Engineer: 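One structure follows; several queries about it will come next.
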Amino acid sequence: MMMSLGVVDREFHVFRGLPDADGEHIGEVKSFTVPVQPGWVVLDALLYLQAHNAPDLAIRWNCKAAKCGSCAAEINGLPSLMCKTRLDHMPLDKPVLVRPMRTFPLIKDLVTDVSWNYEINKRITPFTPYNDDQSTWRYFQEDADRVQEFRKCIECFLCQNSCHVIRHHRKFNHFAGPRFLVRLASLEMHPLDVADRIPFIKEEAGIGLCNITKCCTERCPEDIRITDNAIIPLKERVVDRYYDPITMLLHKIGIK
Amino acid sequence: MMSVHYETKTYDVLVIGAGGAGLRAAIEASAQGVSVALVTKSLLGKAHTVMAEGGMAAALSYVDADDCWQAHYKDTIRGGKYLSNYRMAELHAKEAPERVKELEKWGAVFDRTPDGRILQRPFGGHTYRRLAHVGDRTGLELIRTLQDKGIHCGIDVHMECTMTHLLKDGDQVAGAFGYWRESGRFILINAKAVILCTGGIGKAYKVTSNSWEYTADGQAMAMKIGAELIDMEFLQFHPTGMVCPPSVKGILVTEAVRGEGGKLTNALGERFMKNYDPERMELSTRDIVSKAIYTEVKEGRGSPNGGVFLDISHRGADYIKRKLPSMYHQFLELGDVDITKGPMEVGPTMHYTMGGVRVHPETQEVLNVTGLYAAGEVSGGLHGGNRLGGNSLSDLIVFGQRAGKHAAEFAKQQTVLPKINDEEVKGYAEELVAPFERDSKAETPYQIQADLQDLMANKVGIVREEQGLKEAIEELQVMKARAKVARVDGSRAYNPGWHLSHDIHNMILVGEVVAQAALQRTESRGGHTRLDHLEPDNEQWRFVNSTIRLNESDELEVSTYEKPQMDAALRDLFDKSDELAITQSKQKI
């Protein structure tokens with residue numbers, strides 16, 4: 001798409017507010033006009049607002065290059081990175097609506113409390129290599145490829161925000177969410193890892209709650225095929241372990 | 001007057017900054033059995049390390065069997081224009097391979113060689129293929145690996161917490177004071193040892209690859225309690241930042257593009273590096289490539305948007321998408337350019353601060369402040385006049401580990417916590433809330449930062465000269481005064497305007513340090529180019545590092561110190577062509 005030439009005044013509707021005691025988003029959408037330059041992303045416009053109209057506007061951002069995953073928000077209703085959403089790719093005749101991620105408790109304006117994600121991560125058994133003698137470690141790019149796709153994750157939590165199990169059904173205590181199923185997949189599929197996380201994946205991570213609607217995959221800014229490459233293979237491993245009659249029998253008599 | 005109440009936490013070791021150095025330091029300190037707090041201005045895993053792309057340099061010798069620590073040492077010293085601290089460069093070259101292997105043991109998944117080991121790529125100034133990497137997102141791999149290791153080490157991580165003042169008990173550091181970004185409430189961390197890992201100063205510049213966090217906090221805080229900053233005239237302008245559209249100007253284009261065979265051309269289609277470094281061409285060191293691009297543009301051979309062209313499309317779409325996936329997406333999505341089909345436009349961007357807090361080369365303890373340590377970009381010494389690409393990530397893990405170890409050992413020797421002076425702390429708190437009481441018609445700190453960024457770019461930028469530097473120092477005094485009366489709107493809850501009202505002082509102070517150091521060094525060398533002294537002046541400056549401190553009356557004092565002699569064994573590694581640069585006459589010692 002060609003860039004528009006010159007500065008264009010555009011209207012922005014930006015959520016401003018504070019949480020109530022339960023973290024509910026209490027506030028209102030405020031209207032601003034911003035002189036938008038060619039090539040700007042939504043974050044450029046919000047930083048302009050901060051510098052000129054609303055110096056206390058709360059935004060969380062770091063790299064402004066889609067590498068850190070800090071600036072996740074909902075733009076015209078779609079969970080997106082503010083640093084990656086080009087304004088010249090959006091309809092000119094409509095205001096640009098920017099709201100915080102709906103799934104998480106509000107801190108202020110566009111900033112939400114994502115600490116739940118960090119708590120989930122702590123419960124995952126870390127990388128456990130089969131031995132400590134690295135001189136014998138060998139694995140090939142083909143093996144690395146599968147894991148590297150998952151390790152591209154920049155922890156923007158847009159997948160967590162988009163997942164209806166968390167967003168609508170609020171299963172914070174029963175489901176780890178796509179991000180951490182991806183993390184679990186990266187560990188389970190690491191060619192040198194020997195820990196067994198299948199019981200955790202089934203019980204605490206609650207993988208059965210995912211009914212593969214693929215909303216997470218659609219919103220992933222890193223194009224990780226979350227559902228197809230991470231969640232479904234893990235579901236298969238859980239099924240093999242717990243629901244395959246022959247495997248169940250072998251387990252019972254002590255053969256893995 | 002607003003509340004200046006504060007909460008207090010106590011630890012053996014406090015680490016400020018959670019990038020590669022901070023995380024590595026915290027993991028090491030924790031392994032020594034002491035209690036550790038890790039404080040970060042952002043969320044965990046978002047520090048600027050995440051943006052490092054090309055790789056980390058370590059003489060693993062998996063790809064080129066001839067590589068060895070001695071070769072890495074020589075490359076680092078030569079690349080640093082012989083100004084690096086010799087001992088730090090030696091430790092760095094020797095220990096980097098072990099630190100990289102350790103990352104793999106903790107779960108990092110590097111790209112592989114055909115025989116299944118860590119793949120290494122070529123980079124500017126490195127004699128051998130030396131950079132362990134993951135496509136073009138090596139920093140993400142580093143930080144995620146350390147993060148996932150760190151959360152299982154019993155470290156208390158305090159996210160979105162800004163430390164604004166270091167505290168002292170006599171000559172010893174006593175902890176740090178600051179605020180929670182979320183609530184704006186004050187917090188004091190009383191600790192036996194403190195490790196600074198706060199990164200660089202890039203946000204004092206307009207065109208930079210650095211994130212908002214790079215506000216010179218560590219440099220300023222350390223100076224205010226007696227530390228010295230060294231080599232601050234040396235800034236790295238990375239040769240290849242994006243230039244178009246204007247809003248992305250400065251975003252990093254990894255050196256791996258050139259490592260993988262990218263060619264630089266000017267508007268006439270010439271591979272102009274042949275005129276600046278015909279042997280190494282595009283893989284020359286960053287200072288040389290940046291100056292080459294600057295010269296091409298200045299002499300009218302630039303691209304339409306004021307840069308030059310960088311083309312990798314001859315490597316084919318599949319290869320580019322596999323080895324440089326972030327670059328492919330970055331240009332496609334932010335710049336409307338498909339780099340598998342044609343060239344990118346690139347130009348220099350402020351990237352890295354070679355200088356920093358003066359530390360002991362082995363323990364990373366800060367000179368003049370007992371119990372304070374510094375590692376990573378905030379510290380000075382390793383990179384001298386110019387940093388080689390890939391040496392930053394290895395710096396973080398080598399010296400992060402060392403700082404963590406020595407800080408923990410120091411903390412264990414202390415039987416009691418250092419004392420806190422409550423009156424002093426209240427004074428800092430009052431200073432922090434003062435902007436809320438100011439004239440509501442005064443300017444905000446955002447305007448001052450924008451002016452600072454222009455000033456630094458124009459007068460203390462990629463090229464400098466005496467007149468401009470003197471003007472910059474004058475203008476910085478005016479900015480200092482403006483920053484003291486800047487206003488803040490709203491409340492203390494997650495208020496970026498308020499946060500900047502403090503950070504701006506750090507950037508102005510350290511901006512002046514850079515200008516003063518640049519004024520003092522009347523020659524051109526590495527990341528410091530004086531238009532009025534275009535050549536290196538070996539007689540006067542070859543063996544001299546600059547140092548700056550704040551004196552009793554809060555004024556900057558600029559001076560120099562002589563390098564020690566290089567050990568004979570290390571000196572023997574170099575050949576005739578280096579002799580002038582490494583051999584000091586006995587009289588000078």
Side-chain angles (χ1 to χ4, degrees), chain A residues 1-3 18 37-41 44 50-52 54-70 83-84 86 107-109 111 113-115 118 121-122 124 126-127 129 132 134 137-144 147-148 151-155 183 186-187 190 193 223, chain B residues 42-48 50-51 101 104-107 109-112 114-117 119 134-135 137 139-141 144 148-149 151-152 157 159 182 211-213 244-248 251-252 325-326 329-330 333-336 444-447 450 488-491 493-498:
Chain A
M1 190 176 297
M2 285 300 294
M3 274 173 228
L18 288 162
Q37 292 181 28
W40 267 20
V41 291
D44 287 308
Q50 235 182 20
H52 296 91
D56 61 338
L57 175 66
I59 311 169
R60 188 185 272 138
W61 68 286
N62 287 70
C63 76
K64 204 178 165 292
K67 292 191 172 61
C68 75
S70 294
C83 71
K84 215 182 161 185
R86 286 273 294 268
I107 288 177
K108 186 184 154 189
D109 300 339
V111 177
D113 176 0
V114 293
S115 57
Y118 289 87
N121 197 22
K122 282 188 202 159
I124 295 175
F127 178 60
D132 248 11
Q134 269 175 304
W137 282 27
R138 290 280 200 283
Y139 61 93
F140 300 97
Q141 188 59 47
E142 294 82 339
D143 307 316
V147 180
Q148 284 179 336
R151 294 185 67 87
K152 283 198 301 186
C153 170
I154 56 174
E155 296 204 326
R183 165 117 182 94
S186 78
L187 291 161
H190 192 298
D193 182 89
D223 298 321
Chain B
S42 294
L43 297 175
L44 191 60
K46 309 297 184 191
H48 199 60
V50 86
M51 284 194 74
K101 289 181 198 167
E104 193 173 40
K105 199 164 114 187
W106 294 346
V109 182
F110 293 102
D111 286 358
R112 315 308 295 175
D115 66 343
R117 299 201 283 189
L119 181 61
V134 185
R137 53 162 194 85
L140 174 67
E141 190 67 19
R144 198 68 80 233
D148 288 333
K149 169 77 179 168
I151 58 173
H152 296 288
V157 181
M159 299 199 292
E182 177 176 339
S211 78
W212 70 265
E213 294 182 291
C244 179
S247 62
V248 300
I251 293 182
L252 187 63
S326 304
H329 286 287
Q330 183 173 307
E333 282 152 23
L334 301 178
D336 298 325
T444 68
Y446 294 100
Q447 186 55 50
V488 169
D489 295 353
S491 74
Y494 215 112
N495 186 340
W498 179 47

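Below, read A as the first sequence line, B as the second, and so on, with proteins coming before strands; counting in each chain starts at 1. These numbers come from a predicted model, not from an experiment. What you see below is based on every heavy atom in this structure, not just the backbone, and it leaves out hydrogens, waters and symmetry mates.
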Engineer: Quick one: what part of B/Glu333 sits under 4.5 Å from any heavy atom of chain A, side chain, backbone, both or neither?
Structural biologist: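 Both the backbone and the side chain of B/Glu333 come within 4.5 Å of chain A.
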Engineer: Any sub-3.5 Å donor-acceptor pair from B/Lys46's side-chain atoms to A/Ile154's backbone N or O?
Structural biologist: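 Yes: the side chain of B/Lys46 pairs with the backbone of A/Ile154.
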Engineer: Between chain A and each of B/Lys101, B/Glu182, B/Arg144, count heavy-atom pairs under 4.5 Å; write down the option with the most.
Structural biologist: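 Ranked by contacts with chain A, first place is B/Arg144.
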Engineer: Measure A/Asn121 against the heavy atoms of chain B and call it side chain, backbone, both or neither at under 4.5 Å.
Structural biologist: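 Looking at A/Asn121, backbone and side chain both touch chain B.
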Engineer: Tell me, side chain or backbone of B/Glu213 under 4.5 Å from chain A's heavy atoms, or both, or neither?
Structural biologist: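 Side chain of B/Glu213 only, per the 4.5 Å heavy-atom cut-off to chain A.
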Engineer: Looking at A/Lys152, A/Arg151, A/Gln148, which one forms a side-chain hydrogen bond (donor to acceptor under 3.5 Å, both in side chains) with B/Glu141?
Structural biologist: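 Of the listed residues A/Lys152, A/Arg151, A/Gln148, the side-chain hydrogen bond (donor to acceptor under 3.5 Å, both in side chains) partner of B/Glu141 is A/Arg151.
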Engineer: For the residue pair A/Ile107 and B/Tyr494, what are the closest heavy atoms and their distance?
Structural biologist: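 Heavy atoms only, the tightest pair is CG2-CD1, 3.8 Å.
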Engineer: Quick one: which of B/Ile151, B/Val109, B/Asn495 has the most heavy-atom pairs under 4.5 Å with chain A, could you say?
Structural biologist: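 Highest number of pairs under 4.5 Å: B/Val109.
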Engineer: Using non-hydrogen atoms and a 4.5 Å limit, figure out which bit of A/Arg60 sits close to chain B: side chain, backbone, both or neither.
Structural biologist: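 A/Arg60 touches chain B through backbone and side-chain heavy atoms alike.
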Engineer: Between B/Leu140, B/Asp148, B/Leu119, B/Val134, who has the most heavy-atom pairs with chain A when the cutoff is under 4.5 Å?
Structural biologist: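 Answer, by heavy-atom pair count under 4.5 Å with chain A: B/Asp148.
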Engineer: Please classify the contact of B/His48 with chain A as side chain, backbone, both or neither, using a heavy-atom distance under 4.5 Å.
Structural biologist: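 Neither; nothing under 4.5 Å.
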Engineer: Sort B/Glu104 into side chain, backbone, both or neither according to what part of it lies under 4.5 angstrom from a heavy atom of chain A.
Structural biologist: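 Both parts, backbone and side chain.
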Engineer: For the interface with chain B, which of A/Arg138, A/Arg183, A/Lys64 has the highest count of heavy-atom pairs at distances below 4.5 Å?
Structural biologist: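 Among A/Arg138, A/Arg183, A/Lys64, the one with the most close pairs to chain B is A/Arg138.
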Engineer: Which atom pair, heavy atoms only, marks the closest approach of A/Gly39 to B/Pro245?
Structural biologist: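 In this case the closest contact between A/Gly39 and B/Pro245 is CA-CG, 3.7 Å.
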Engineer: If I measure from the heavy atoms of chain A, does B/Pro325 come under 4.5 Å with its side chain, its backbone, both, or neither?
Structural biologist: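 Nothing of B/Pro325, per the 4.5 Å heavy-atom cut-off to chain A.
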Engineer: Would you find a donor on one side and an acceptor on the other, under 3.5 Å apart, between the side chain of A/Trp40 and the backbone of B/Ser247?
Structural biologist: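 No; judged by distance alone, with no hydrogens or angles, the pair does not exist.
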Engineer: Is chain B contacted by the side chain of A/Asp113, its backbone, both, or neither, given a heavy-atom distance below 4.5 Å?
Structural biologist: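 For A/Asp113, neither part sits under 4.5 Å from chain B.
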Engineer: Provide the closest heavy-atom pair for B/Leu334 versus A/Cys83 in the form atom of the first, atom of the second, distance.
Structural biologist: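 Between these two residues, the closest heavy atoms are CD2-O, 3.6 Å.
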Engineer: Non-hydrogen atoms of chain A under 4.5 Å away: do they reach the side chain of B/Trp498, the backbone, both or neither?
Structural biologist: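 Neither; nothing under 4.5 Å.
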Engineer: For chain A, which candidate among B/Ala493, B/Gly45, B/Pro445, B/Pro496 shows the most heavy-atom pairs at distances under 4.5 Å?
Structural biologist: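 Among B/Ala493, B/Gly45, B/Pro445, B/Pro496, the one with the most close pairs to chain A is B/Pro496.
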Engineer: In terms of heavy-atom pairs under 4.5 Å with chain A, which of B/Met51, B/Lys149, B/His152 leads?
Structural biologist: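 Highest number of pairs under 4.5 Å: B/His152.
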Engineer: Restricting to non-hydrogen atoms, name the atom on A/Tyr139 and the atom on B/Phe110 that form the minimum distance, rounded to 0.1 Å.
Structural biologist: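 Minimum heavy-atom separation between A/Tyr139 and B/Phe110: OH-N, 4.3 Å.
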Engineer: State plainly whether the residues A/Arg86 and B/Asp336 are in salt-bridge range, i.e. N to O under 4.0 Å.
Structural biologist: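 So A/Arg86 pairs with B/Asp336 through a salt bridge.
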Engineer: For the interface with chain B, which of A/Gly69, A/Ala144, A/Pro126 has the highest count of heavy-atom pairs at distances below 4.5 Å?
Structural biologist: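 Greatest number of close heavy-atom pairs with chain B: A/Pro126.
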Engineer: Who wins among A/His52, A/Lys122, A/Glu142, A/His190 for the most heavy-atom pairs under 4.5 Å with chain B?
Structural biologist: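 The candidate making the most pairs under 4.5 Å is A/Lys122.
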Engineer: Under 4.5 Å from any heavy atom of chain B, what part of A/Pro129 do you find: side chain, backbone, both or neither?
Structural biologist: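 Only the side chain of A/Pro129 comes within 4.5 Å of chain B.
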Engineer: Between A/Ala58, A/Ser186, A/Ala65, which residue shows the highest count of heavy-atom pairs closer than 4.5 Å to chain B?
Structural biologist: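 That would be A/Ala58.
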Engineer: Heavy-atom cut-off 4.5 Å, strictly under: side chain, backbone, both or neither for B/Leu44 against chain A?
Structural biologist: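 When you check distances to chain A, atoms from both the backbone and side chain of B/Leu44 fall under 4.5 Å.
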Engineer: Looking at B/Lys105, B/Met159, B/Arg117, B/Gln447, which makes the most heavy-atom pairs under 4.5 Å with chain A?
Structural biologist: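 The candidate making the most pairs under 4.5 Å is B/Lys105.
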Engineer: Need one label for A/Ala66: side chain, backbone, both or neither, based on atoms under 4.5 Å from any heavy atom in chain B.
Structural biologist: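 Neither the backbone nor the side chain of A/Ala66 comes within 4.5 Å of chain B.
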Engineer: For the pair A/Asp223 and B/His329, evaluate side-chain contact (heavy atoms from CB on, under 4.5 Å) and give the outcome as yes or no after the intermediate values.
Structural biologist: CA-CA 10 Å; A/Asp223 298 321; B/His329 286 287; 3.7 Å; yes
Engineer: Could you tell me whether the side chain of B/Arg137 and the main chain of A/Lys67 form a donor-acceptor pair under 3.5 Å?
Structural biologist: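 Checking the backbone N and O of A/Lys67 against the side chain of B/Arg137, no donor-acceptor pair under 3.5 Å is found.
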Engineer: Could you check whether any side-chain heavy atom of B/Leu43 comes within less than 4.5 Å of a side-chain heavy atom of A/Tyr118, counting everything from C-beta outward?
Structural biologist: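 Yes, side chains in contact.
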